[in-house]
Amino acid sequence: MPYIQNSDADRSEMLAAVGVKSIADLFTSIPEEVRLNESLNLSAGLSEDQLMRHMQELSSGNQASAGVNFLGGGIYDHSWPTTVDHLMSRSEFLTAYTPYQPECSQGTLQAIYEFQSMIAELCGCEIANASMYDGASAAAEAAMMAMSQTRRKKVIVSAAMHPETRETIHTYLKHIDAEMVEAPIVDGVTDFSGLIDDKTAAVMVQQPNFFGNIEDIAAVAEAAKEVKALSVASLYPVATGILASPGKQGIDIVVGDGQSLGVPMAFGGPSFGFFAAQQKSVRKLPGRLVGISNDTEGRRAFTLTFQTREQHIRREKATSNICTNNALIALRGCIHMAALGPQGLEEVACVSRQRALEMVELLDLAGIRRAFPDQHFFNEVCFQVDNDEMVALFKQNLRAQGVQGVLAMSAWYDDMDGCFTLACTERTMPEDLIALSTIARQTFIPEVA
Amino acid sequence: MYLAPVQLLFEESRPGRRNWQTPGADRGVATADLPAHMVREKAPALPELGELDLIRHFTRLSQKNYAISTNFYPLGSCTMKYNPVVNERIAADPQWYNLHPYQDDDTVQGALELMHNLAADLGEATGLPGVTLHPAAGAHGELTALMVLRAWLDDQGQNQRRKILIPDSAHGTNPASCTLAGFDVVTVKSNDRGLCAVSDLVEHLGDDTAGMMITNPSTLGLFEEDVVKICGLVHEAGGKVYMDGANFNAIMGITRPGDFGIDMMHLNLHKTFSTPHGGGGPGSGPICVTEELTKYLPTPSVIQGENGFELSTPESSIGRVRGFHGNFLVLVRAYAYMKRLGAEGIKRVAENAVLNANYIRVKVSDHWRVPFDRICMHEFVARPTKEMREAGIHTIDIAKRLIELGYHPPTVYFPLVVAEAIMIEPTETESKETLDAFIEALIQVAKEAAAGEDFLHQAPRNMPVSRVDEAKAVKDPQLCFRCQ
Ligand SMILES: Cc1ncc(COP(=O)(O)O)c(C=O)c1O
């Protein structure tokens, strides 16, 4: 049998040692009437070679992006160094579990500490945890942490946050005594005016927002502070290569999805969520934390810490129920950030934005205008054309040329007929932009093209 | 094991060292149109290292770990089985990892088919046909299922039911998930055989009962023999029964939770289905539910329509519990694992997992206290004898001594119902020789402990660090480099 090493002879010897006659005797504590009499209705096992062929056949039913990808909406086609794949596939990292025993887990622990340090630096915060499931669930946990810390129940969520993040927050909050309020969008950015009051636990905003627009998060932080509410920003971490970090602009909790930090798009998962805050709220933080201490000989030693917040100690009073997180993918992020360094991250951010600027110019020539021309964007841009039929036609024409792109906003926003986003990364090549604009011209001004 | 200290990336950093580069960047152009307050003054202070030093840094760190591929890892409740390397190769196919979640359904038919068929197979293995692949881990599955329960109760006009019964041996995520879902926890006692006490359960059942969470096999490694009756009682009282399926490895192919009365359960694909989760994740915690509860599952699920597979939203869905479609690359590995094993192989997994656990149990039970010393499932719980405790030796000392001898320690101090618990789960992938060597080590340590050997308090003495002062880490928190 695959992956089972013991032979029949081994099994006989072991059964004798246990003092039973057969394997079946090991299962007599299971009531007979619910024991299966026949095997499960699953296919027969495959050899490794058959398995590889089967998987290849299955995967060939996909058309993965072969390079030209303008789709965004939270998952971006960034590149990563080979060092990331190489190092994270070392089986000493790959097949260890949570570092409960610090003496034989210093490698994992130090890497998590370094991850926390770099995430905190990007977010502009004092501390960060060892990772969350993803960006959406991290945002939901941030809302709950703010409720717990302020002992208030109102959570104000920007309508320009990623729709799936908003839905996740909504699902998490609807069963506890909480009130979720959506702050409307005015000209492509969030308008919180008149909503933030002394009942507010959290004010939540995304940077850049779902339309790619840069929000004035300093003002959000300020407004929250005035009523002693907590401000929460969901951050696209690559943007911090050139944009001011949320923590430095006064935001209390910074969360987000780490996919853009060296993680494949992978149909949306697994990536990792990150969670950063200020030191004073450490006891309210969800998830695992690694800190530095000493061993008995005074040597520097890393260890899990502040575990009294967690479910295995605090049970129903824990700050969160999270146990398994996304550590291995966070390790990817850790190696990626270290490989980029300050300049590397800045370059990725710059090139992503330069391409987006060029894209806007080129599409303008094709008669495609930005939906929110008064706003600033980073690498993702919301455009507006006559109607959704034209959006669909554009998308179809792009697809015919092997180009992925065009996220129609009306899938999530009823009043955004004709609006769509396109995202650029450092992988977007000038010739990709030419192709995009050529197809745009053929679609929108066929008489000229 | 690499013993020398490895400096922090930040300490190894030297200004101007470069590694990954992206040509064509022009900060002036990239920021010219942005207002000054939006732009950061200088790039984030990440470490600066060359490629070779980076490789050495992380290679050395990796060598400071015990892992399944280097050491026996009998961490109870965590099912640390061999993670087949072929699955890594399969997951490294760009036709999987280069998919964007917002591609049109017709361009991701392979991915959707995989998800659809994996869900169907998990439904078959559990006897619970409604499956969502969304939850990111076991605890996330628990929470999702409890939300499903809330939705069902609301539909029944029974939302006054707020109590969830949980045996005292349950994992901490069970009660923590209840709180998150807005339920109150009522603890049910274990009886003298280590099983959920039906007499105590009955005491707590009533018209405020929303349901029960039961772990089966339990965290003591015992099959809940009264599970059919327990499910019946909870159903009679108007509640639903959730099964924590973290221990499904012991029973797959042998019995099906759906057949013994369970309404909902989670599976830990990162345990039972062998997907690597280095350092603590990623996981995947699908939940499987009865036909009746299927319409409440989170969105999206994969259905087979006229034009192929498509994403769709169940009729009365609780909504989303995360972004996108689940931890897809974990699903790919779990699917490959199941296909390689087939129906027969899956059953063999359970059989061998249970045999391996019992083999260790009978060989060590003369030397350790095994509170429930009868045929166990995939794991069993031991504890130091009275003699050892009187000699001043505690479970922590045992764990650390095992590290010294080259073993990742079992899970310790859990479940809480056994003081000083040592929870041993060998898994099916270990050979008899490995088990024999471990048994020998356990017997040796038992003798050392009974003799009150002082060096047990110093263990481990051959690791990069000795015991860590955990109190200091809280008193003087140093959680990241910048804020020291
Ligand atoms: C019995 C039991 N229940 C629940 C969980 C939680 O699962 P996860 O860590 O995947 O969230 C675990 C594992 O940690 C477990 O052992």
Side-chain angles (χ1 to χ4, degrees), chain A residues 1 5 10 14 18 29 34 39-40 42 44-45 59 61-64 71 87 90-92 94-96 98 102-104 106-108 117 126-127 133 136 164 167 171 175 264 267-270 291-293 295 301 303 305 311-312 315-316 318 321 324-328 341-342 346-347 350 353, chain B residues 20 22 25 30 40 43 48 58 61-62 64-69 95 97-101 107 109-110 136-137 139 172 175-177 179 182 185 223 260 276 278-283 319-320 323-324 327-329 342-343 345 348 358-359 431-432 463 465-466 468 472-473 478-481 483:
Chain A
M1 272 299 146
Q5 306 192 75
D10 293 328
M14 291 166 74
V18 175
S29 60
V34 298
S39 54
L40 292 170
L42 302 174
S59 78
N62 297 322
Q63 293 159 38
L71 280 174
L87 290 167
R90 285 191 66 90
S91 62
E92 301 94 325
L94 201 70
T95 69
T98 306
E103 300 86 355
C104 59
Q106 284 295 299
T108 292
S117 301
E126 287 167 358
I127 57 173
Y133 301 139
E164 298 193 4
E167 280 178 47
T171 311
H175 299 302
F267 208 35
I292 292 186
S293 184
D295 74 356
T303 182
T305 190
Q311 45 75 27
H312 61 284
R315 300 178 76 84
E316 65 267 25
N321 68 336
T324 291
N325 53 24
N326 278 39
L328 189 61
E346 185 179 278
E347 286 171 0
C350 284
R353 183 151 205 276
Chain B
W20 180 252
T22 305
R40 67 191 303 144
E48 299 172 70
F58 284 102
L61 285 189
S62 78
K64 286 173 177 285
N65 273 356
Y66 277 178
I68 300 170
S69 58
Q95 288 293 347
Y97 74 71
N98 257 348
L99 298 178
H100 191 285
T107 67
Q109 283 296 299
S177 299
T179 303
V185 175
F223 193 87
F260 56 72
R320 282 193 161 272
F324 311 112
N327 282 349
F328 177 70
L329 286 184
R348 296 285 172 264
N358 277 290
Y359 183 67
S431 69
K432 180 169 172 294
M463 288 288 115
V465 298
S466 60
V468 181
K472 179 174 182 285
Q478 299 179 38
L479 303 171
C480 55
F481 184 71
C483 57

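So you know, we letter chains A, B, ... as the sequences are listed, proteins then strands, and number each from 1.
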Just how far is it from atom [atom1] of [X] to atom [atom2] of [Y], taken to the nearest 0.5 Å?
{"X": "A:Asn62", "Y": "B:Leu99", "atom1": "CG", "atom2": "CG", "answer": "4.5 Å"}
{"X": "B:Met463", "Y": "A:Glu103", "atom1": "CE", "atom2": "CD", "answer": "9.0 Å"}
{"X": "A:Gln63", "Y": "B:Gln95", "atom1": "CD", "atom2": "CD", "answer": "8.5 Å"}
{"X": "B:Ser69", "Y": "A:Glu92", "atom1": "OG", "atom2": "CD", "answer": "5.5 Å"}

Which of the residues [options] is involved in the greatest number of heavy-atom pairs with chain A at under 4.5 angstrom?
{"options": "B:Asn65, B:Ile68, B:Val468, B:Thr179", "value": "B:Asn65"}
{"options": "B:Ala43, B:Gly279, B:Ala136, B:Ser431", "value": "B:Gly279"}
{"options": "B:Pro101, B:Gly345, B:Ala25", "value": "B:Pro101"}
{"options": "B:Gly319, B:Gly342, B:Ala67", "value": "B:Ala67"}

With a 4.5 angstrom heavy-atom cut-off, could you sort out which part of [X] is near chain B: side chain, backbone, both or neither?
{"X": "A:Met1", "result": "side chain"}
{"X": "A:Arg315", "result": "both"}
{"X": "A:Leu87", "result": "side chain"}
{"X": "A:Glu346", "result": "side chain"}

Can you tell me which of [options] forms the most heavy-atom pairs within a distance under 4.5 Å of chain B?
{"options": "A:Glu347, A:His312, A:Gln5", "value": "A:Glu347"}
{"options": "A:Ala327, A:Ser117, A:Cys104", "value": "A:Cys104"}
{"options": "A:Pro264, A:Ala44, A:Ala136", "value": "A:Pro264"}
{"options": "A:Cys350, A:Gly341, A:Ser39, A:Gly107", "value": "A:Gly107"}
{"options": "A:Ser59, A:Ser91, A:Ala301, A:Gly61", "value": "A:Ser59"}
{"options": "A:Thr305, A:Leu42, A:Thr303, A:Asp10", "value": "A:Leu42"}

Identify the heavy atoms of [X] and [Y] that sit nearest to each other, and give their distance.
{"X": "A:Thr324", "Y": "B:Gly283", "value": "CG2-N, 3.8 Å"}
{"X": "B:Ser177", "Y": "A:Asn321", "value": "OG-ND2, 2.9 Å"}
{"X": "B:Leu479", "Y": "A:Gly291", "value": "CD2-CA, 3.9 Å"}

- Message: Using a 3.5 Å distance criterion without hydrogens, assess whether the side chain of A:Thr171 forms a donor-acceptor pair with backbone atoms of B:Arg320.
- Response: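 Judged by distance alone, yes, a pair lies under 3.5 Å.
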- Under a 4.5 Å cut-off applied to non-hydrogen side-chain atoms, are B:Lys432 and B:Tyr359 in contact?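 Sidechains of B:Tyr359 and B:Lys432: in contact.
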